[in-house]
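Proteins get letters first, then strands, A, B, ... in listed order; numbering begins at 1 in each.
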Protein chains: 2
Amino acid sequence: MKSYPGALEALMVQLRKLPGVGHKTAARLAFHLVRRPAAEIEALAAAILEVGERLVLCSSCQNPTESDPCPLCSDPTRDRHKLCVVEFPADLASIENSGAFKGRYFVLHGTLAPMQGVGPDDLRLEKLRQLVADGEIEEVILATNPTVEGNATALLVGEHLRPLGVRLSRPACGLPVGADLEYMDPVTISRSLAGRGSL
Amino acid sequence: MKSYPGALEALMVQLRKLPGVGHKTAARLAFHLVRRPAAEIEALAAAILEVGERLVLCSSCQNPTESDPCPLCSDPTRDRHKLCVVEFPADLASIENSGAFKGRYFVLHGTLAPMQGVGPDDLRLEKLRQLVADGEIEEVILATNPTVEGNATALLVGEHLRPLGVRLSRPACGLPVGADLEYMDPVTISRSLAGRGSL
């Protein structure tokens, strides 16, 4: 490995902690920053600090927010009877962006991954249980990803909530809209045939 | 455009008729062939001729076959009560590969595309109607792609078959298995939420 000036190496160490940033990308980003005007570098640093200072996790849905409870949780027009459970804040954003869900959310901040040491205790399940036990929620949509980890997590969360008597559901698996059957994987084709609906 | 020797240009003209082959790819393929031993070129030509000579469309399912009816249509172990309608032979192959369907098929060889001059008469609908009217089929799964053209085609085919009193269905739309919600398109997310099933 090459040796860089201390400050540059320290920046690269920090950058490498970002998702998808390895040695090469970290070096490219760092050298880019070195060449920018001081004002631009300061603005970036300030924005990063700001995030650290101003964002907290909503005490209800666990999504990052500047005000607690977050705008979604305190919005009186949202359906308080439906709760959508997702793995990460980015999943919540995707579902919001689809406009198909008008209820409330809960962010697990992870999936069950025993091999990586993520067990049931790490998924804020007790917070979720309390939220559902508190009352108004009638249906919990377990919108974890349709992956091995996501399915296992949905089952685990479901078993946790089943004693509360709420309806538990899972988004449909099938062909993504616009897909070409020729290129779909066999498992998805099987699921879409098993779940076929009337025309 | 460059001018090539007659035989080479004639080969490129033929190659360009293949799907996904434009001027550059045709030239690359043609120059590749020019450099190969005569035996290899002859083997390719023979294989192409063989396809033209030996393959016909199955008179029942319309899939290319060397024997009519094709092995699928003449297989007594296939479920004769379910018929799966697809756009192209490659779609049939994908569904077979998934192992999720044990019934019979019908290949439309296209989708409704009025702008490209493909109307109802081009889709072998009369052959399909006869096949269904002949009797044993109870359910027709309209497995055209979940695209605008595929959906329109499924509706058209459905209306054609509805008077025959068979059950009509469509494969489920939803999240492909293994998908990441963060990167799914809004329409697919909407469909997967609308079609959610009990956990």
Side-chain angles (χ1 to χ4, degrees), chain A residues 82 84 86-101 139-148 150-151 154-155 157-159 161-162 167-199, chain B residues 82 84 86-101 139-148 150-151 154-155 157-159 161-162 167-199:
Chain A
K82 291 196 170 64
C84 184
V86 297
E87 296 176 10
F88 292 105
D91 301 330
L92 186 159
S94 278
I95 295 177
E96 268 304 284
N97 181 40
S98 81
F101 182 69
E139 176 179 5
V140 177
I141 302 173
L142 296 158
T144 50
N145 286 332
T147 54
V148 173
N151 290 340
L155 285 175
V157 175
E159 288 320 304
L161 301 179
R162 208 176 286 281
R167 198 158 58 242
L168 299 170
S169 64
R170 196 93 171 92
C173 266
L175 307 172
V177 173
D180 188 332
L181 267 164
E182 179 176 356
Y183 302 113
M184 289 309 299
D185 65 282
V187 188
T188 297
I189 290 181
S190 299
R191 295 289 295 268
S192 85
L193 286 171
R196 66 185 182 270
S198 295
L199 183 80
Chain B
K82 290 199 169 62
C84 185
V86 297
E87 296 176 10
F88 291 106
D91 301 330
L92 185 159
S94 279
I95 294 176
E96 267 305 284
N97 181 40
S98 81
F101 182 70
E139 177 178 5
V140 177
I141 302 174
L142 297 156
T144 51
N145 286 333
T147 54
V148 173
N151 290 340
L155 285 174
V157 176
E159 288 321 304
L161 301 179
R162 207 175 287 280
R167 199 157 60 242
L168 298 170
S169 65
R170 196 90 171 94
C173 265
L175 308 172
V177 173
D180 189 331
L181 266 163
E182 178 176 357
Y183 302 113
M184 288 309 299
D185 66 283
V187 187
T188 296
I189 290 181
S190 299
R191 295 288 295 267
S192 85
L193 286 171
R196 68 185 180 271
S198 295
L199 183 79

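- For the atom pair A/Asp91 CG and B/Asp180 CG, the distance stands at 6.0 Å (nearest 0.5 Å).
- Taking chain A as the reference chain and counting heavy-atom pairs below 4.5 Å, the highest number among B/Glu139, B/Glu87, B/Met184 is found for B/Glu139.
- Counting heavy-atom pairs under 4.5 Å between each of A/Cys84, A/Ala154, A/Ala194, A/Cys173 and chain B puts A/Cys173 at the top.
- Of the two parts of A/Ala143, the backbone and the side chain both hold a non-hydrogen atom closer than 4.5 Å to a non-hydrogen atom of chain B.
- Between the side chain of A/Ser192 and the main chain of B/Pro171, no donor-acceptor pair closer than 3.5 Å is present.
- Of the residues considered (A/Ala93, A/Pro186, A/Ser98), A/Ser98 shows the highest number of contacts with chain B, using heavy-atom pairs under 4.5 Å.
- Screening B/Val157, B/Ile141, B/Val140, B/Leu142 for a side chain to side chain contact (heavy atoms under 4.5 Å, CB included) involving A/Leu199 leaves a single residue, B/Leu142.
- In terms of heavy-atom pairs under 4.5 Å with chain B, the best-connected choice from A/Pro146, A/Ala100, A/Gly150, A/Ser94 is A/Pro146.
- Ranked by non-hydrogen atom pairs under 4.5 Å with chain A, the options B/Asp185, B/Leu92, B/Ile95 are led by B/Ile95.
- A/Arg162 touches chain B through its side chain: at least one heavy atom from C-beta onward sits under 4.5 Å away, while N, CA, C and O do not.
- In terms of heavy-atom proximity, B/Gly195 sits nearest to A/Ala172 at O-CB, 3.4 Å.
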Show the numbers, then the answer: is there a side chain to side chain contact (heavy atoms under 4.5 Å, CB included) between A/Leu175 and B/Thr188?
CA-CA 8 Å; A/Leu175 307 172; B/Thr188 296; over 6 Å; no
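- Heavy-atom pairs under 4.5 Å with chain B were tallied for A/Pro176, A/Pro89, A/Ser198; the largest tally goes to A/Pro176.
- Looking at A/Ala179, the atoms closer than 4.5 Å to chain B (heavy atoms on both sides) sit in the backbone and in the side chain alike.
- Comparing B/Leu181, B/Thr147, B/Val86 by how many heavy-atom pairs each has under 4.5 Å with chain A, the most go to B/Leu181.
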